[in-house]
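Structure first, then comments.
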Amino acid sequence: MSKRDEIVSNIKGLISKSLNNIAKNEYEVVVEVPPNPDMGDLAIPLFSYTNILKMKPFEIANIIKNDIEKDPTIYESVVKGPYLNIFLDRNSIFDSIVEDILSKGDNFAKQKTNNIKVVLEFSSPNTNKPLHLGHCRNNVLGAFISNIYRFCGYTLTSINLINDRGIHICKSMLAYKLFGNGATPESEHKKSDHLVGDFYVKYAIEEKNNPDLEKQAKGMLVDWENNDSDTIELWKKMNGWAISGMKETYKRMGIEFDSFEYESNNYLLGKDIVLDGLSRGLFFREADNSVWVDNSDVGLDKKALLRSDGTSIYITQDLGTAKKRHDVYNASRFIYVVGSEQNYHFDTLFATLKKLGYSWADSCFHLSYGMVNLPEGKMKSREGKVIDADNLMDLLFGLAKSEIDERNKDISEDEKNYIAEKVALSALKFYLLNFSTSKDIMFIPEKSISFDGNTGPYIQYTTSRINSLITKYGSNSLKFDSSDYKFNQDEWNVIYQLLNFEDVVLKSCDNLSSVELTTYIYELSKRFNKFYHDNPILSESENIKNVRLNISIATLQVLKIGLRLLGIEPLDRM
RNA sequence: GAGCCUAUAGCUCAGUUGGAUAGAGCAUUAGAUUGCGGAUCUAAAGGUCGGAGGUUCGAGUCCUCUUAGGCUCGCCA
C-alpha cells in the first residue's frame, strides 16, 4: 500500500466513523483532489449523504470536520459549499515521503515480486522495409509496458516476432532479382534495411506498368515454400540485411527484447489446431475444402482458417503461435502490442481460441494503439510516404546538436554528441508516449517535436539543473529540523506531488497507459521549476537550505525513476 | 451496407468510478534574471466540449438519435 493510500484510507475510515455517529449505515466515502491547490489537498463531496441523513451537505461537513481534525495527519479542514476540504499535515508528510525516497533510491515505489508471468509481444516488423514512425510508437510503448510491468513486480518476457515470410517479402525480393544488379549495402553505401526497402518501393512502381509481377511474386512464395535453393538464398541474404539494419535501429533507440521469434519458423503452426477443431465440430469445411470458423455467436463473422489447398493463412499461424506461446511460457497474461487496424483480427483470434476451449484465451490482450498520421494523410510505405525511424532520429539529433552548440562552448565534441543523442531520443519517446494509447495521432514533422514546454528535453533540463545544484551544494546527510518548519505553497506543491508518484505508477501499470506517467512527470517538473525559480536555496539559513536541497534530491530521484520507466535515460548535464 | 473507434481553445493534446470556475503545451501579447543552469518563471487572451434530446442534486464523462472523419469487414500479413 502506498503512502498516499494509507493517508486516504485512514481519512475514509475517520469519515465513515463520523457519519456512523450520526446514523448507522454503510457509507461509501469518495476522496477527491480539489481543483485548486489553495483549496486543500483532499476534498470530500457530501452530496450523496443528503438523502440518507436528511441534512444539507454543509451541515454534514461541519459535523465531520469536528470529528476528524484531531487526527495527526490532518492540519485543518475547511467547509466549502458541499465539500469538506482537507489540508494535510505538511511536516509529517515531508518527513516520511522524503525519508522513503532517499532511503529506497532507485527502488522507491517499486513493487514486490508477485510471481505473475506475463508475455509481451511488440514491434514485430516485416522484413521488407526499414522501421518507420509507426514502429517507433509501437517500440516505445512496448518498452514502457515492459519496464512498468517489471517495476510493478511482474515477471515479463518480451518477444519480437519478425514477419520474415509472405508475399510482401517476396515483392522486394523479386524487385531485387529483376532490377538489383547485385547491389549490396556496401556497393550502394546504404544502411542494409534501407536498401531492402528501396526495392519494395521499386516493386510498387513497376507493378503499375506490369501486372504480371504479382504472379511472379506469388510464384516466388511457392518456390520459397518448396525450398527452392536460389529463392531461399536470396531470402536469407535480404532478410539478413533487413534484420541487421533493424537491430541497429533498435540499439540506437534503446529497445531490447528477451527473445526474437521468426514467422518463417512458425508458419506451419496452427494447422493441427484447426484440424482438431474441425474434428470436434467447432469449425466447418466448405465444398471447396477450405476450413472456416463461424464467430457470429459472439458478434463477429465467419472467417477462413485454412485455404482450399490446405495451406495456412495469417490467423492460422497466430492460433498456433498463441498456443505454442502458452505451452512454452505458461504465463497468466499475453499482451500483443499491435496497431488498431488489427482490432478485428485480434477479436477473431481470441474468440476462436476461446471456441477451441482454451481457458487461457481470456488472458490474451490486444494492446491496440492508434495510427500515426501525417498532414498529407496516412503513411503508406509502398509509396515511400513514410517517416523513417533512422532519418527522424538523425533530424532530431541535428536539432538538439545545434541547440547545444549555442549554449555550451566549453565541453568536448564527444560529450555534445552524446547529449544531443539523448535529448533527441527523449524528445521522440516522450512525445510518442504523451498521447492516449488508443488514439490516432497527428505527426507534423516541423511542429510536433519541440524542446520547450511539455517535452522530454524539458524534463531532462530539470534533472540536469537539480543535478548541478546538488553536486555543488551537497547531497549527503544533510541535517535539518523540519519540526517547526513552515512549508510554503511552492515547496508543498512539490512534496505533495512526490507523495502521488507510487499511485501513478500503479495506475499506469494497471491501465497500460503511459500518458498518466508522462503527465505526472511533467507536472512534477513544472512544480519543481516554479519552486526553484521563486525560492532561493542558498541565501537562507542552513536549515532552510537543507530542507530545500532535500526536496530537490527527492524530486531528482523520482524524475529519474519516471524517465527510466518511459525508456528515457536521465541526463546529469545538457 | 455492417462492426469498431474518434470529435474538447487557432494548432497538437490531457481530462480518473459522473463533482467545485473544463486544463496543458505550442503559437500570440505583455512581463521577470546581482545568486543555485533563461531549454526557466509570471500573466493576459483564447471554449455553445460536433449537434439535438434524455437520465439526476450535478454530464466533456452515462443513454438514445444525428452529423463528420478514421479503421476494419481477403483463402493478404
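Quick caveat, the model's predicted, so the values are computed rather than measured. Order of the sequence lines fixes the chain letters, A, B, ..., with proteins taken first and strands second; residue numbering starts at 1 for each chain.
In this structure, Ser450(A) reaches neither bases nor backbone, as no heavy-atom distance under 4.0 Å exists between it and the strands shown. Within the 4.0 angstrom heavy-atom criterion, no nucleotide atom of any strand lies near Asn295(A). Counting any heavy atom pair closer than 4.0 Å across all strands shown, Phe451(A) reaches a base atom. Using a 4.0 Å heavy-atom criterion, one finds that Pro57(A) contacts no nucleic acid atom at all. Using a 4.0 Å heavy-atom distance criterion, Ile315(A) is classed as making no nucleic acid contact. Among the atoms of the strands shown, base atoms are found under 4.0 Å from some heavy atom of Met574(A). Within 4.0 Å (heavy atoms only), Ser464(A) reaches at least one base atom of the nucleic acid. Heavy atoms of Tyr522(A) sit under 4.0 angstrom from primed sugar atoms or phosphate atoms, though from no base atom. Counting non-hydrogen atoms under 4.0 angstrom, Glu32(A) reaches a base of the nucleic acid. Within 4.0 Å of Leu469(A), counting heavy atoms only, lies at least one base atom of the nucleic acid. Counting non-hydrogen atoms under 4.0 angstrom, Asn511(A) reaches nothing in the nucleic acid. Looking at heavy-atom distances under 4.0 Å, Gln460(A) makes no contact with the nucleic acid at all. At the heavy-atom level, Ile441(A) lies under 4.0 Å from the strands shown only through sugar-phosphate atoms. At the heavy-atom level, Pro35(A) lies under 4.0 Å from base atoms of the strands shown.
The phosphate of G74(B) has neither OP1 nor OP2 within less than 4.0 Å of any side-chain N or O from Arg307(A). Residue Ser436(A) places at least one side-chain N or O closer than 4.0 Å to OP1 or OP2 of G15(B). The shortest distance between the side-chain N/O atoms of Ser340(A) and the OP1/OP2 oxygens of C71(B) is not below 4.0 Å. Contact annotation: Tyr458(A) reaches the phosphate of C41(B) (side-chain N/O to OP1 or OP2, under 4.0 Å). For Thr519(A), no side-chain nitrogen or oxygen approaches OP1 or OP2 of A24(B) to under 4.0 Å. Listed pair Lys439(A) / G70(B) fails the phosphate criterion, with no side-chain N or O lying under 4.0 Å from OP1 or OP2. For G74(B), the OP1/OP2 oxygens have no side-chain nitrogen or oxygen of Tyr314(A) closer than 4.0 Å.
His345(A) and Tyr314(A) have their aromatic ring centers within a separation under 6.0 angstrom. Aromatic ring centres of Trp492(A) and Phe531(A) lie farther apart than the 6.0 Å criterion allows.
Every stem involving RNA chain B, taken as at least 3 paired positions in a row under the Watson-Crick or G-U wobble test at 3.5 Å, is listed here: B:1-7 with B:67-73, B:10-13 with B:23-26, B:28-32 with B:40-44, B:50-54 with B:62-66.
Every pair passing ring pair (Phe, Tyr, Trp, His ring centres under 6.0 Å) that includes a residue from residues 445-465 of chain A is listed here, sequence neighbours excluded: Tyr458(A)-Tyr522(A).
Judged as a salt bridge (charged side-chain N to carboxylate O under 4.0 Å, His left out), and not counting sequence neighbours, the contacts of Arg573(A) are Glu415(A).
In this structure, the side chain of Ser552(A) engages the main chain of Arg548(A) through a donor-acceptor pair within 3.5 Å.
A side-chain N or O of Ser264(A) and one of Asp164(A) form a donor-acceptor pair less than 3.5 Å apart.
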